[in-house]
Asks: 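One structure is given below, represented as structure tokens, and several questions about it will come after.
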Amino acid sequence: MPGGPRGLQNRCRFPIPGTEVGSIPILSALVNCGLAITDCGLQNVTMTTQELKNRTFEFGVRVTSAVEALPKTETARILGRQLLRAATSVGANYRAAARARSQADFISKLGVVEEECDESAYWMEVIVARKLLRRAQLKELLAEANELLAITVASIKTARRRHGRKQ
């Protein structure tokens with residue numbers, strides 16, 4: 001889709017294979033996780049479950065490219081593996097949450113997504129602190145990790161409020 005979903009686009013050092021070189025759609029804010037629409041305080045953009053699945057998948061793919069750009073040292077290999085596991089887990093666990101059998105299961109699985117988003121940001125910060133990649137190289141990925149974290153936290157809060165009303 002030209003210009004990305006809803007026409008929002010941001011330039012990225014680590015492109016998604018098969019897209020225009022250097023471009024990745026960056027969305028934020030209202031998230032429809034199938035159970036609730038959640039406002040995480042960012043822009044007013046409605047995002048469907050499928051769009052968030054795509055976004056978390058693209059995050060994992062972009063992180064894969066960043067990990068491949070790390071120097072070929074033992075430290076970089078270990079930190080890169082940690083980042084790769086956490087970042088690809090974000091999308092995998094969001095997909096699992098989207099298929100939750102109950103609201104309680106949905107909340108629990110989103111909790112794992114929250115942890116993996118935060119862990120991804122942590123490993124990126126360690127990589128920058130160790131000067132394995134420049135901050136500018138990870139700026140968009142770190143911002144995306146933090147946006148996905150904010151979206152997930154807001155979704156959990158909304159789901160908890162709704163779950164509390166049903167009991």
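Because the structure is a prediction, the values reported are computed rather than measured.
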Asks: Could you check whether atom NZ of Lys53 has more than 12 heavy atoms from other residues, nucleotides or ligands sitting under 6.0 Å from it?
Replies: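 For Lys53, atom NZ is crowded (more than 12 foreign heavy atoms under 6.0 Å).
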
Asks: For Phe59 and Leu141, work out which heavy atoms get closest and say how close.
Replies: CE1-O, 3.5 Å

Asks: Do other residues, nucleotides or ligands put more than 12 heavy atoms under 6.0 Å from the NZ atom of Lys72?
Replies: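 Yes.
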
Asks: Might you point out which heavy atoms bring Ala97 and Phe106 nearest each other, and give the distance in Å?
Replies: O-CD1, 3.3 Å

Asks: For the pair Ser108 (side chain) and Ala104 (backbone), establish whether a donor and an acceptor sit closer than 3.5 Å, ignoring hydrogens and angles.
Replies: no

Asks: Is Val63 reachable from Leu132 through a run of I, L, V, M, F, W or Y residues, each pair having side-chain heavy atoms under 4.5 Å apart?
Replies: yes

Asks: Give the minimum heavy-atom separation between Leu70 and Ala76, together with the two atoms involved.
Replies: CD1-O, 3.6 Å

Asks: Of all heavy-atom pairs between Asp105 and Ala100, which one has the smallest distance, and what is that distance?
Replies: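 Here Asp105 and Ala100 meet closest at OD2-CA, 3.5 Å.
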
Asks: Considering only heavy atoms from C-beta outward, does the side chain of Thr48 approach that of Glu51 to under 4.5 Å?
Replies: yes

Asks: Where do Leu83 and Ser120 come nearest, in terms of heavy atoms and distance?
Replies: CD1-O, 3.5 Å

Asks: Roughly how far, to the nearest 0.5 Å, is the CZ atom of Arg101 from the NZ atom of Lys109?
Replies: 5.5 Å

Asks: Is the backbone of Ser155 close enough, under 3.5 Å, to the side chain of Thr158 for a donor and an acceptor to pair up by distance?
Replies: no

Asks: Under a 3.5 Å threshold, yes or no: a donor from one side chain and an acceptor from the other, between Glu58 and Asn54?
Replies: no

Asks: Report the distance from atom SG of Cys117 to atom CD of Glu147, rounding to the nearest 0.5 Å.
Replies: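 If we round to the nearest 0.5 Å, Cys117:SG and Glu147:CD are 11.0 Å apart.
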
Asks: Take Glu115 and Glu119 through the test side-chain contact (heavy atoms from CB on, under 4.5 Å) and record every step on the way to the result.
Replies: CA-CA 6 Å; Glu115 291 170 9; Glu119 186 175 335; over 6 Å; no

Asks: Within the structure provided, determine whether Leu52 and Leu148 are in side-chain contact (heavy-atom separation under 4.5 Å).
Replies: yes

Asks: Could you grab the distance from atom CD1 of Ile151 to atom CD1 of Ile156, nearest 0.5 Å is fine?
Replies: 12.0 Å

Asks: Roughly how far, to the nearest 0.5 Å, is the CD atom of Glu116 from the CG atom of Leu149?
Replies: 11.5 Å

Asks: Take atom CZ of Arg130 as the centre, draw a 6.0 Å sphere, and report whether it contains more than 12 heavy atoms from other residues, nucleotides or ligands.
Replies: no

Asks: Is the closest side-chain donor-acceptor distance between Arg62 and Ser65 under 3.5 Å?
Replies: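 Checked: Arg62/Ser65 side chains show no N/O donor-acceptor pair below 3.5 Å.
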
Asks: Within the 4.5 Å heavy-atom criterion, are Thr49 and Tyr94 side-chain neighbours or not?
Replies: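 In short, these two side chains touch, coming nearer than 4.5 Å.
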
Asks: Is the shortest side-chain heavy-atom distance between Leu133 and Val128 below 4.5 Å?
Replies: no

Asks: Could you tell me if the side chain of Lys157 sits less than 4.5 Å from the side chain of Arg161, heavy atoms only?
Replies: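 Yes. Closest side-chain heavy atoms under 4.5 Å.
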
Asks: For the atom pair CZ (Arg134) and CD (Gln137), what is the distance rounded to the nearest 0.5 Å?
Replies: 4.0 Å

Asks: How long is the span from the OG1 atom in Thr64 to the CG atom in Leu84, to the nearest 0.5 Å?
Replies: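 CG of Leu84 is found 4.5 Å from OG1 of Thr64.
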
Asks: What heavy-atom pair brings Arg135 and Leu142 nearest, and what distance separates the two atoms?
Replies: NH1-CD2, 4.1 Å

